[in-house]
Amino acid sequence: MSAPRLRATPLPGIGVQYDLVTREHRHLSVVAHRDGARTVNVYGSEDPDSCAHSLRLTGPEAGALIDTLKPSHQSASLLYTTDLGLVAERIEVAATSRWNGRLLGDTRMRTETGASIVAVLRRAEAIPSPAPDFRLAGGDILIVIGTREGVDSAATILGQE
């Protein structure tokens with residue numbers, strides 16, 4: 001089977017549209033918006049120019065979809081997996097999160113999930129081993145290490161609004 005052909009079309013002021021025709025002759029496109037969002041379009045099989053379904057994803061949603069389509073150690077959010085069953089993952093604190101502006105210790109992350117927050121990425125700065133009195137901010141990326149279940153629970157807690 002030959003490699004699928006992907007065509008990129010610049011969309012000035014919007015981003016780039018990537019078009020793919022599958023081996024079953026289905027037309028798919030993804031618009032990569034400049035703000036990090038993605039729009040996934042599926043075109044009708046009868047008319048390959050007629051969009052049948054369109055789904056807009058935020059940057060983090062698009063990243064999660066990529067992880068499910070091609071899970072690997074090279075995933076943008078999954079940093080490392082060992083034979084011991086530990087993973088490290090990047091989890092963003094949204095501006096709408098209930099933890100925005102609150103202390104890390106208030107999350108009770110380690111007690112509730114068994115997962116540890118080993119670093120915080122804020123803008124161009126990395127804060128290793130943040131203490132419980134570290135104040136979280138919307139846009140912070142937390143590096144969380146634990147079991148798969150613990151990291152998933154941490155993501156749920158951090159996603160609370």
Side-chain angles (χ1 to χ4, degrees), residues 6 8-20 28-42 51-161:
L6 192 65
T9 306
L11 302 174
I14 298 171
V16 178
Q17 178 172 322
Y18 298 93
D19 290 282
L20 170 74
L28 306 172
S29 74
V30 175
V31 176
H33 299 268
R34 291 174 36 191
D35 66 359
R38 300 292 186 263
T39 302
V40 179
N41 301 301
V42 179
C51 185
H53 300 286
S54 184
L55 176 64
R56 187 169 170 95
L57 302 171
T58 65
E61 290 168 340
L65 179 60
I66 289 166
D67 288 346
T68 61
L69 291 173
K70 187 175 180 182
S72 75
H73 65 283
Q74 297 173 357
S75 159
S77 63
L78 187 62
L79 300 173
Y80 186 69
T81 304
T82 70
D83 292 337
L84 300 174
L86 296 176
V87 296
E89 194 167 315
R90 301 169 194 234
I91 302 173
E92 183 174 357
V93 176
T96 57
S97 171
R98 73 180 291 195
W99 307 109
N100 183 4
R102 295 188 54 195
L103 299 177
L104 177 60
D106 292 346
T107 66
R108 298 180 35 89
M109 189 65 59
R110 188 161 173 77
T111 302
E112 297 294 325
T113 69
S116 297
I117 298 170
V118 299
V120 176
L121 307 176
R122 181 176 284 168
R123 294 184 206 103
E125 181 183 8
I127 299 113
S129 304
D133 63 349
F134 178 83
R135 192 163 302 277
L136 297 169
D140 283 351
I141 305 289
L142 308 183
I143 307 299
V144 182
I145 295 180
T147 63
R148 174 81 268 154
E149 296 79 18
V151 171
D152 287 346
S153 294
T156 299
I157 288 171
L158 291 167
Q160 293 175 340
E161 293 185 7

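Scope of the values below: all heavy atoms of this structure, side chains included, with no hydrogens, waters or symmetry mates.
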Legend entry - Verdict with reasoning, T9 to D19, per side chain to side chain contact (heavy atoms under 4.5 Å, CB included): CA-CA 8 Å; T9 306; D19 290 282; 4.3 Å; yes

Could you grab the distance from atom [atom1] of [X] to atom [atom2] of [Y], nearest 0.5 Å is fine?
| X | Y | atom1 | atom2 | answer |
| --- | --- | --- | --- | --- |
| N100 | L136 | CG | CG | 8.0 Å |
| S116 | L142 | OG | CG | 12.0 Å |
| I143 | L121 | CD1 | CG | 4.5 Å |
| I127 | F134 | CD1 | CZ | 4.0 Å |
| D133 | L104 | CG | CG | 9.0 Å |
| T111 | M109 | OG1 | CE | 10.0 Å |

Please answer whether the main-chain N or O of [Y] pairs with a side-chain N or O of [X] as donor and acceptor at a distance below 3.5 Å.
| X | Y | value |
| --- | --- | --- |
| R135 | G101 | yes |
| T156 | D152 | yes |
| W99 | I157 | yes |

Close side-chain approach of [X] to [Y], heavy-atom, < 4.5 Å:
| X | Y | answer |
| --- | --- | --- |
| L57 | L65 | yes |
| I14 | R34 | no |
| T39 | H33 | yes |
| V31 | N41 | yes |
| I117 | P130 | yes |

Legend entry - Which residues share a side chain to side chain contact (heavy atoms under 4.5 Å, CB included) with E149, sequence neighbours left out: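 E149: side chain to side chain contact (heavy atoms under 4.5 Å, CB included) contacts with T147.
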
Work out which heavy atom in [X] is nearest to a heavy atom in [Y]; give both atom names and the distance.
| X | Y | answer |
| --- | --- | --- |
| G139 | E92 | CA-OE2, 3.8 Å |
| V16 | A8 | CG1-CB, 4.1 Å |
| S153 | T113 | CB-CG2, 3.6 Å |
| G146 | V151 | N-CG2, 3.6 Å |
| R38 | A62 | CG-CB, 3.5 Å |
| V144 | A115 | CG1-CB, 3.7 Å |

Inset, instruction - Determine whether more than 12 heavy atoms belonging to other residues, nucleotides or ligands lie under 6.0 Å from atom OH of Y18. - result: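 Not more than 12 within 6.0 Å, no.
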
Legend entry - Residues which pass side-chain hydrogen bond (donor to acceptor under 3.5 Å, both in side chains) with S97, listed by chain and number, not counting sequence neighbours: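 Here no residue qualifies.
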
Inset, instruction - For residues 112-128, pull every pair meeting salt bridge (charged side-chain N to carboxylate O under 4.0 Å, His left out), keeping only residues two or more places apart or in separate chains. - result: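 Every salt bridge (charged side-chain N to carboxylate O under 4.0 Å, His left out) pair that includes a residue of residues 112-128, provided the two are not neighbours, is R108-E112, R122-D140.
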
